[in-house]
Amino acid sequence: MTRIGFRLALAYRGDIIMTCVSLVAQVFLLRMIWTSVYGSRPAAAGLTLDALLAYLTLANLQSFATQTLVSRTIHHRIRTGTVFFDLARPVGYLRQMAAFQVGNTLGGLLLLAPVVPVVLLVGSITVPVNGPGYVITLVLGYVIAVQLALLISLIGFWLMETGAIHLLYRLVSQFFAGTMVPLAFFPGFLGALAEILPFQYTGYVPAAVYVGHISDVSGPVTVELAWIAGLWCLLALTWSRACRRVVIQGG
Amino acid sequence: MAEILRSLRLYFLLQRASARGAMQYRLNTVIGVISGAIWQGTGFAFVWVVMHTFPSLAGWGLAEIAFLYGLRLTAHALAMIPLMSVNDVQWIVRNGEFDRFLLRPLNPLVQLMGNRMGIAQFGDLLAGVALLAVAGRNAQVQWDVWLVAFCAAAIVGGALIEAAFFLALCSLSLRMVDTFALRVFIDDVFSKFGSYPMKIFGGTVEWLLTFVLPVAFVAYVPSSVVLGKLDSPWAPAAPLLGVALISLAYLVWRRQLAHYQSVGH
Amino acid sequence: MIRVEGLTKVFRRPRTFSGPFGALRTLVTRQYEERTAVDDLSFEIGEGEVIGYLGPNGAGKSTTIKILTGILTPTSGTVEVNGLVPWSDRSANARNVGVVFGQRSQLWWDLPLIESLRLVGSLYDVPAARFETSLRKLRDLLGLDDFLDTPVRQLSLGQRMRGDLAAAVLYEPPLLYLDEPTVGLDVLAKEAVREFIVETNRAGRTTVILTTHDLADVEALCKRIILIDRGKVIFDGAIDALVDKPRRLVVTLESQPEDVRGVRRDADGRYVFDIHGDLPGMIASIAAEHPIRDLSIEEPDLESVIKGIYTR
């Protein structure tokens, strides 16, 4: 499954290259907007312009690298009925799909590699303030992203048409991940909401650790681990329900 | 003239049929519209969050940016609601459906347009009009009949500019040239860069977005006129650019259609 | 009704490149691949005829039909359909022709059949009164009543084909192109389709051009066939003329002589005689010379004739 996901990423390289172009455009746009609003101000919300631009570049790269295809795949396989082949395999379904996603991400990263310098040039980057902390929070964040994607895709066992739900999920998750605005700028209730939701761990938290906006990693890591554990239980529960449903439908 | 009215009537009949088909997946349709609105909502939420901290973006206030944003969004929605199914052209050619359009006594482009409804784009329209209404009231503008008329013309003109690029690229797909990725890119540029004052991009990029891919003329130039930020005698003519471009795009379509080769033989 | 002269279609398509910038490469590099699908084709079809337009896969059948219906523009040659040039008067031509593709429905997938028919009526500007008369007739003829309100996607293949036939003749076109109208249908449904074609042709003097791989359709419906291969007409005439060959007597003998009355033994050890005149006498005279183990008589049929032509 890992290998299939990897190959699929390469097979759709056309799409991915286009996404890369779009990523470069996005980073450029953000740089221009933020540079313009900062004007001559040295810092806002505790971030200097340099740190902010590095943050944005990084957060967008991350969001690109951790985007998940797995829900789309699962949706497709449920609709076409090929899901039954997956269920027939001797490896647990969720584990297969998670492996698929990891392979797909690795494939995506391979294609992303040559674009990184361009993105860094168009955006900007600084040396990491806390490298190890960045890697840890990012990896844990990625686990959360995959878990959430799997959870969303399981809806497909109940509803046949889930395209719109996936889109909605992607939008909300991206916005609250803070890829365009660091969470530190979110005003009032929006900030509180972003603080509660788990999406920040796929974008804001690791990037903020990188630029030193978050200095103590232990807090976020604990919360991340808690999310992972909680989501794991939720997934297991939902999956057992979905499983029963598949049996009842009987194809 | 009679033929245009007939085409219009049949277009609405076809569109009603596809809408009725789509209504059978009602939940998905509703979510489609909502996610369209939310997609644009999150886009504007970004502007709002930024301007919460910083009051001015290149000399434009929140209400003014909102107006610009709303104008572009409305134009975009107006362009894409009828053209969404033209996006499928390559698929429709490949599975042979396009042959059927040529077998009927109605302009194939009208049939293609009536093939499917752009559902999510109604969300865009909703968000766009709402933004325009709120921003139009909050920005410092002395509204009169002429300005409202200019606004309407600007929206239609902007829609035509976007529609022109979209149609021309789709036309190439009649001959199995895959322009999907290119369309996504162009759409991306229009939606990302069209919603901000061109000044922030500076120099080359501003020039490119004005004269090469005329993103600036969709919303930036008309909004500047409405908001009194641009005082050029030529600026009020901006909506006419859309008319010129769409005519050109239709010529491209006709030319590509003449070379249509069907599939399968 | 239809006049085709020197019709040639050469497909010339740019080499397409895949990949994200494939579109640009395709536009920039002007490389072409050429293939002649129809080569100097000429024939005429009169009003009220039912023509079997046959040929192996890739012979140029679809290309011809697509030119006759105005979908494609030919490379050279002249075509006149009911006084019109199909590709330059496409819209006017469209009102004169009904087209059914057996493999592809023209009905709206998610709508009830009746809605699809109404839409087709509107597209062809059929006045309401005429639509109702037409519909009433078709409901009887095709037995549409059972599924008129069913969404098309829920119809069986046979029902869907009846719906497609109804849509194609709703505006009473003088010319009907049927491309594999019985493909995938069961015996009864095939029979219904054939009856409908016979009736439409009889009642309205509708000219029918039928392409099919099911030769039973052709035998049941067509008097004349046009056979094409590699873009050229290889036979044009009455079916009777094509199958006008002697019956054959196939004999297996107890002994296996090298030849019997000048007929050599075939690979299966059988002797095949063309039958001219007195069959019992012929059998008797063979039996008198060699003890017969088994014998059979083969009637010439369209299928074996055409198979013979295809494999030639």
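A note on names: the letters A, B, ... follow the listed sequences, proteins ahead of strands, and every chain is numbered from 1.
Nearest heavy-atom pair across B/Phe46 and A/Trp34 is CE1-NE1, 3.9 Å.
Considering only heavy atoms from C-beta on, B/Trp48 comes within 4.5 Å of A/Leu190 through its side chain. Residues B/Tyr196 and A/Leu29 are in side-chain contact: their nearest non-hydrogen atoms beyond the backbone lie under 4.5 Å apart. Considering only heavy atoms from C-beta on, B/Val49 comes within 4.5 Å of A/Pro187 through its side chain.
Interface remark: of the candidates A/Val172, A/Val37, A/Thr35, A/Val37 forms the most heavy-atom pairs closer than 4.5 Å to chain B.
Looking at A/Arg31, neither its backbone nor its side chain comes within 4.5 Å of chain B, counting heavy atoms on both sides. Both the backbone and the side chain of A/Gln26 come within less than 4.5 Å of a heavy atom in chain B. Contact of B/Val205 with chain A is made through the side chain alone, with heavy-atom distances under 4.5 Å. If you measure heavy-atom distances from A/Ile33 to chain B, the contacts under 4.5 Å come from both the backbone and the side chain. Residue A/Tyr38 touches chain B through both its backbone and its side chain, counting heavy-atom pairs closer than 4.5 Å. At a 4.5 Å heavy-atom cutoff, the contact between B/Thr53 and chain A is made by backbone and side-chain atoms alike.
We find the CH2-OG distance between B/Trp60 and A/Ser36 to be 12.0 Å, quoted to the nearest 0.5 Å. The distance from atom CZ of B/Phe193 to atom CE of A/Met32, rounded to the nearest 0.5 Å, is 8.5 Å.
Donor-acceptor pairing under 3.5 Å is recorded for the side chains of B/Lys192 and A/Ser22.
Ring orientation note: the planes of A/Phe185 and B/Phe54 are tilted relative to one another, at an angle of 30° to 60°.
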